[in-house]
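Convention: sequence-line order gives letters A, B, ...; per-chain numbering from 1.
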2 protein chains.
Amino acid sequence: MYICFMTDKKILEINKALSNATRLDILKWLKDPESNFPPHESLGHFNDGVCGQHIKDKSGLSQPTISHYLSGMHKAGLLSTTRHGKWTYFKRNEEVIQEYLNTLNTI
Amino acid sequence: MYICFMTDKKILEINKALSNATRLDILKWLKDPESNFPPHESLGHFNDGVCGQHIKDKSGLSQPTISHYLSGMHKAGLLSTTRHGKWTYFKRNEEVIQEYLNTLNTI
DNA sequence: ATTTGATGTAACAAAATTGCAATATGCTCG
DNA sequence: CGAGCATATTGCAATTTTGTTACATCAAAT
(Lines give C-alpha, C1' and ligand atoms only; values in the text may rest on other atoms or scores of the structure.)
Protein backbone atom coordinates (compact mmCIF):
# COMPACT_ATOMS: atom_id res chain seq x y z
CA MET A 1 0.00 0.00 0.00
CA TYR A 2 1.85 3.07 -1.25
CA ILE A 3 0.95 6.65 -0.41
CA CYS A 4 -0.04 8.55 -3.54
CA PHE A 5 -0.12 12.28 -4.14
CA MET A 6 -1.82 14.46 -6.69
CA THR A 7 -0.91 17.53 -8.72
CA ASP A 8 -1.71 21.08 -7.63
CA LYS A 9 -4.11 21.34 -10.54
CA LYS A 10 -6.11 18.39 -9.24
CA ILE A 11 -6.00 19.76 -5.69
CA LEU A 12 -7.41 23.04 -6.94
CA GLU A 13 -10.16 21.26 -8.84
CA ILE A 14 -11.18 19.29 -5.76
CA ASN A 15 -10.95 22.30 -3.46
CA LYS A 16 -13.26 24.12 -5.81
CA ALA A 17 -15.68 21.19 -5.79
CA LEU A 18 -15.60 21.18 -1.98
CA SER A 19 -16.10 24.91 -1.53
CA ASN A 20 -19.85 24.67 -1.89
CA ALA A 21 -22.01 23.65 1.06
CA THR A 22 -24.24 21.28 -0.89
CA ARG A 23 -21.36 19.48 -2.58
CA LEU A 24 -19.55 19.10 0.73
CA ASP A 25 -22.75 17.71 2.22
CA ILE A 26 -23.13 15.24 -0.63
CA LEU A 27 -19.65 13.86 -0.05
CA LYS A 28 -20.41 13.44 3.63
CA TRP A 29 -23.85 11.91 3.05
CA LEU A 30 -22.32 9.33 0.76
CA LYS A 31 -19.95 8.23 3.51
CA ASP A 32 -22.92 6.63 5.26
CA PRO A 33 -25.72 5.96 2.75
CA GLU A 34 -27.63 3.70 5.14
CA SER A 35 -28.26 6.53 7.60
CA ASN A 36 -28.71 9.28 5.05
CA PHE A 37 -30.84 7.76 2.31
CA PRO A 38 -33.88 5.52 2.01
CA PRO A 39 -33.19 2.06 0.63
CA HIS A 40 -33.50 1.95 -3.13
CA GLU A 41 -36.68 0.38 -4.52
CA SER A 42 -35.11 -2.09 -6.93
CA LEU A 43 -31.61 -2.63 -5.59
CA GLY A 44 -31.51 -3.73 -1.98
CA HIS A 45 -28.03 -2.39 -1.26
CA PHE A 46 -25.75 0.62 -1.58
CA ASN A 47 -22.81 -1.22 -3.17
CA ASP A 48 -22.73 1.23 -6.04
CA GLY A 49 -23.77 4.20 -3.93
CA VAL A 50 -26.91 6.28 -4.15
CA CYS A 51 -28.98 7.34 -7.15
CA GLY A 52 -29.17 10.97 -8.21
CA GLN A 53 -32.86 11.25 -7.44
CA HIS A 54 -32.36 10.54 -3.74
CA ILE A 55 -29.46 12.97 -3.54
CA LYS A 56 -31.62 15.58 -5.23
CA ASP A 57 -34.46 14.95 -2.77
CA LYS A 58 -32.19 15.31 0.24
CA SER A 59 -30.49 18.45 -1.06
CA GLY A 60 -33.66 20.38 -1.82
CA LEU A 61 -32.12 21.75 -5.01
CA SER A 62 -33.39 21.21 -8.53
CA GLN A 63 -32.56 18.11 -10.56
CA PRO A 64 -30.39 19.93 -13.13
CA THR A 65 -28.38 21.66 -10.42
CA ILE A 66 -27.67 18.38 -8.65
CA SER A 67 -26.88 16.67 -11.94
CA HIS A 68 -24.39 19.44 -12.64
CA TYR A 69 -22.84 19.17 -9.17
CA LEU A 70 -22.57 15.41 -9.35
CA SER A 71 -20.95 15.43 -12.77
CA GLY A 72 -18.49 18.06 -11.56
CA MET A 73 -17.59 15.95 -8.54
CA HIS A 74 -17.26 12.97 -10.84
CA LYS A 75 -15.00 14.92 -13.19
CA ALA A 76 -12.88 15.99 -10.21
CA GLY A 77 -12.55 12.29 -9.33
CA LEU A 78 -14.37 12.48 -6.01
CA LEU A 79 -17.22 10.22 -7.15
CA SER A 80 -17.54 7.15 -9.30
CA THR A 81 -20.72 6.40 -11.19
CA THR A 82 -22.57 3.28 -12.20
CA ARG A 83 -25.63 3.11 -14.39
CA HIS A 84 -28.33 0.61 -13.44
CA GLY A 85 -31.22 0.90 -15.85
CA LYS A 86 -32.59 4.39 -15.69
CA TRP A 87 -30.70 5.23 -12.52
CA THR A 88 -27.20 6.56 -12.15
CA TYR A 89 -25.57 5.63 -8.88
CA PHE A 90 -22.95 7.84 -7.28
CA LYS A 91 -20.38 6.54 -4.85
CA ARG A 92 -17.37 8.07 -3.12
CA ASN A 93 -14.08 7.31 -4.82
CA GLU A 94 -12.12 6.56 -1.67
CA GLU A 95 -8.80 6.14 -3.45
CA VAL A 96 -8.91 9.62 -4.94
CA ILE A 97 -10.15 11.08 -1.67
CA GLN A 98 -7.24 9.43 0.11
CA GLU A 99 -4.76 10.84 -2.41
CA TYR A 100 -6.33 14.22 -1.94
CA LEU A 101 -5.96 14.02 1.84
CA ASN A 102 -2.41 12.67 1.59
CA THR A 103 -1.47 15.59 -0.60
CA LEU A 104 -3.20 18.23 1.51
CA ASN A 105 -1.36 16.92 4.54
CA THR A 106 1.92 17.96 2.94
CA ILE A 107 0.74 21.45 2.08
CA MET B 1 -2.30 17.87 22.80
CA TYR B 2 -5.93 17.46 21.81
CA ILE B 3 -7.18 17.04 18.28
CA CYS B 4 -9.44 19.94 17.30
CA PHE B 5 -12.01 20.15 14.55
CA MET B 6 -13.71 23.01 12.79
CA THR B 7 -17.21 23.78 11.55
CA ASP B 8 -18.37 23.13 8.00
CA LYS B 9 -18.66 26.88 7.51
CA LYS B 10 -14.99 27.34 8.32
CA ILE B 11 -14.03 24.37 6.13
CA LEU B 12 -15.89 25.95 3.23
CA GLU B 13 -14.20 29.29 3.80
CA ILE B 14 -10.76 27.68 3.77
CA ASN B 15 -11.55 25.49 0.78
CA LYS B 16 -12.59 28.62 -1.07
CA ALA B 17 -9.35 30.33 -0.09
CA LEU B 18 -7.39 27.32 -1.31
CA SER B 19 -9.17 26.97 -4.63
CA ASN B 20 -7.01 29.59 -6.29
CA ALA B 21 -3.56 28.72 -7.63
CA THR B 22 -1.82 31.81 -6.30
CA ARG B 23 -3.28 31.49 -2.82
CA LEU B 24 -2.36 27.83 -2.65
CA ASP B 25 1.17 28.77 -3.76
CA ILE B 26 1.41 31.43 -1.07
CA LEU B 27 0.52 28.94 1.64
CA LYS B 28 3.18 26.57 0.33
CA TRP B 29 5.84 29.27 -0.09
CA LEU B 30 5.31 30.33 3.52
CA LYS B 31 6.07 26.82 4.69
CA ASP B 32 9.71 27.42 3.81
CA PRO B 33 10.42 31.17 3.70
CA GLU B 34 14.20 30.70 3.67
CA SER B 35 14.12 28.92 0.30
CA ASN B 36 11.34 30.96 -1.23
CA PHE B 37 12.07 34.55 -0.24
CA PRO B 38 15.05 36.84 0.02
CA PRO B 39 16.06 37.78 3.57
CA HIS B 40 14.33 40.91 4.73
CA GLU B 41 16.41 44.13 4.76
CA SER B 42 15.72 45.22 8.32
CA LEU B 43 14.73 42.03 10.14
CA GLY B 44 17.28 39.25 9.84
CA HIS B 45 14.81 36.42 10.39
CA PHE B 46 11.45 34.99 9.32
CA ASN B 47 10.05 34.56 12.83
CA ASP B 48 6.96 36.54 11.91
CA GLY B 49 6.81 35.31 8.34
CA VAL B 50 7.27 37.26 5.14
CA CYS B 51 6.24 40.79 4.24
CA GLY B 52 3.56 41.46 1.64
CA GLN B 53 5.93 43.10 -0.76
CA HIS B 54 8.03 39.97 -1.19
CA ILE B 55 4.95 37.83 -1.63
CA LYS B 56 3.68 40.25 -4.25
CA ASP B 57 7.04 40.15 -6.07
CA LYS B 58 7.11 36.36 -6.14
CA SER B 59 3.50 36.07 -7.27
CA GLY B 60 3.76 38.47 -10.20
CA LEU B 61 0.31 39.86 -9.43
CA SER B 62 -0.52 43.45 -8.50
CA GLN B 63 -0.19 44.80 -4.98
CA PRO B 64 -3.95 45.30 -4.46
CA THR B 65 -4.70 41.78 -5.64
CA ILE B 66 -2.16 40.24 -3.27
CA SER B 67 -3.30 42.46 -0.41
CA HIS B 68 -6.82 41.23 -1.04
CA TYR B 69 -5.73 37.59 -1.19
CA LEU B 70 -3.65 37.87 1.98
CA SER B 71 -6.42 39.51 3.94
CA GLY B 72 -8.83 36.81 2.77
CA MET B 73 -6.46 34.09 3.91
CA HIS B 74 -6.03 35.93 7.19
CA LYS B 75 -9.77 36.19 7.64
CA ALA B 76 -10.10 32.48 6.92
CA GLY B 77 -7.56 31.88 9.70
CA LEU B 78 -4.86 30.42 7.49
CA LEU B 79 -2.39 33.24 8.13
CA SER B 80 -1.47 35.38 11.09
CA THR B 81 -0.15 38.89 10.64
CA THR B 82 2.33 41.07 12.49
CA ARG B 83 3.03 44.68 11.75
CA HIS B 84 6.66 45.83 11.96
CA GLY B 85 6.84 49.49 11.06
CA LYS B 86 5.60 49.92 7.55
CA TRP B 87 5.70 46.23 6.82
CA THR B 88 3.02 43.63 7.46
CA TYR B 89 4.39 40.16 7.94
CA PHE B 90 2.35 37.10 7.03
CA LYS B 91 2.93 33.71 8.59
CA ARG B 92 1.15 30.39 8.40
CA ASN B 93 -1.20 29.74 11.31
CA GLU B 94 -0.20 26.13 11.85
CA GLU B 95 -2.82 25.50 14.53
CA VAL B 96 -5.68 26.44 12.25
CA ILE B 97 -4.14 24.53 9.36
CA GLN B 98 -3.88 21.47 11.59
CA GLU B 99 -7.51 21.80 12.65
CA TYR B 100 -8.45 22.10 9.01
CA LEU B 101 -6.55 18.94 8.10
CA ASN B 102 -7.90 17.05 11.11
CA THR B 103 -11.42 17.94 10.04
CA LEU B 104 -10.94 17.15 6.38
CA ASN B 105 -9.61 13.75 7.35
CA THR B 106 -13.01 12.90 8.82
CA ILE B 107 -14.93 14.01 5.77
C1' DA C 1 -45.23 2.42 -29.90
C1' DT C 2 -46.39 5.39 -26.24
C1' DT C 3 -46.00 6.74 -21.75
C1' DT C 4 -43.52 7.49 -17.54
C1' DG C 5 -39.72 8.47 -14.68
C1' DA C 6 -34.47 9.39 -14.18
C1' DT C 7 -30.90 11.79 -15.98
C1' DG C 8 -28.38 15.05 -19.01
C1' DT C 9 -27.89 19.38 -21.69
C1' DA C 10 -28.89 24.31 -23.08
C1' DA C 11 -29.92 28.79 -22.26
C1' DC C 12 -30.23 32.14 -19.06
C1' DA C 13 -30.21 35.73 -14.95
C1' DA C 14 -28.20 36.83 -10.58
C1' DA C 15 -24.35 36.81 -7.76
C1' DA C 16 -19.52 36.07 -6.63
C1' DT C 17 -14.64 36.02 -7.95
C1' DT C 18 -10.62 37.75 -10.38
C1' DG C 19 -7.33 41.10 -10.88
C1' DC C 20 -6.35 45.78 -12.32
C1' DA C 21 -5.80 51.20 -11.88
C1' DA C 22 -6.56 54.81 -8.88
C1' DT C 23 -6.53 56.39 -4.46
C1' DA C 24 -6.08 56.57 0.56
C1' DT C 25 -3.77 55.45 4.79
C1' DG C 26 0.26 54.51 7.74
C1' DC C 27 4.95 54.51 8.91
C1' DT C 28 9.78 56.22 8.77
C1' DC C 29 13.17 59.37 8.03
C1' DG C 30 15.35 63.64 6.57
C1' DC D 1 6.35 69.00 7.88
C1' DG D 2 7.00 66.56 3.50
C1' DA D 3 8.89 62.76 0.69
C1' DG D 4 8.93 58.01 -0.07
C1' DC D 5 7.71 53.40 0.52
C1' DA D 6 4.42 49.47 2.20
C1' DT D 7 -0.08 48.38 2.70
C1' DA D 8 -5.20 48.89 2.48
C1' DT D 9 -9.43 50.34 0.20
C1' DT D 10 -12.38 51.58 -3.63
C1' DG D 11 -14.29 51.13 -8.01
C1' DC D 12 -14.45 48.72 -12.09
C1' DA D 13 -14.68 45.28 -16.21
C1' DA D 14 -14.22 40.53 -17.35
C1' DT D 15 -15.03 36.05 -16.06
C1' DT D 16 -16.85 32.26 -13.31
C1' DT D 17 -20.20 30.22 -10.28
C1' DT D 18 -24.89 29.37 -8.84
C1' DG D 19 -29.20 27.57 -9.65
C1' DT D 20 -33.25 28.13 -12.41
C1' DT D 21 -36.67 26.77 -16.46
C1' DA D 22 -37.15 24.44 -20.66
C1' DC D 23 -35.97 20.76 -23.30
C1' DA D 24 -33.56 16.38 -24.87
C1' DT D 25 -32.25 11.65 -24.02
C1' DC D 26 -32.49 7.14 -22.14
C1' DA D 27 -34.50 3.00 -20.07
C1' DA D 28 -38.49 0.35 -18.34
C1' DA D 29 -43.13 -0.92 -18.64
C1' DT D 30 -47.69 -0.89 -20.08
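Applying the salt bridge (charged side-chain N to carboxylate O under 4.0 Å, His left out) rule to pairs touching residues 57-83 of chain A yields Glu13(A)-Lys75(A), sequence neighbours excluded. Within the structure, salt bridge (charged side-chain N to carboxylate O under 4.0 Å, His left out) pairs that include any residue of residues 23-33 of chain A comprise Lys28(A)-Asp8(B) (at least two apart or interchain). Pairs passing the ring pair (Phe, Tyr, Trp, His ring centres under 6.0 Å) check and including a residue from residues 46-65 of chain A, sequence neighbours excluded, read His40(A)-His54(A).
The nearest whole Å value for the distance from the NE2 atom in His84(B) to the P atom in dC29(C) is 15 Å. Separating the CG atom of Leu61(B) from the C1' atom of dT17(C) is a distance of 14 Å, rounded to the nearest angstrom. The NZ-C1' distance, from Lys16(A) to dT16(D), rounds to 8 Å in whole Å. Taking atom NZ of residue Lys75(A) and atom P of nucleotide dT17(D), one finds them 10 Å apart after rounding to whole Å. Between the NE2 atom of His68(A) and the P atom of dT9(C) there is a distance of 10 Å, given to the nearest Å.
Considering only heavy atoms from C-beta on, Gln98(A) stays 4.5 Å or farther from Glu95(A) through its side chain. In this structure, Ile97(A) and Ile107(B) have side chains that are not in contact, with every pair of non-hydrogen atoms separated by 4.5 Å or more.
Looking at heavy-atom distances under 4.0 Å, Lys56(B) makes no contact with the nucleic acid at all.
Taking the six-membered ring where the residue is Trp, the centroids of His74(B) and Phe90(B) are separated by 6.0 Å or more.
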Sequence-aligned protein contact record of nucleotides 1-8 of chain D, with B where the base is within under 4.0 Å of a protein heavy atom and S where only the sugar-phosphate is: ----BSBB
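Tyr100(A) pairs in a side chain to side chain contact (heavy atoms under 4.5 Å, CB included) with only one of the listed residues (Leu18(A), Asn93(A), Asn105(A)), which is Leu18(A).
Look at Thr65(A) and you'll find a side-chain N or O under 4.0 angstrom from OP1 or OP2 of dT20(D).
Hydrophobic cluster of Ile3(A): the remaining members, joined at side-chain heavy-atom separations below 4.5 Å, are Phe5(A), listed by chain and number.
Contacts between residues 17-38 of chain B and DNA chain D, defined by a heavy-atom separation under 4.0 Å, are absent.
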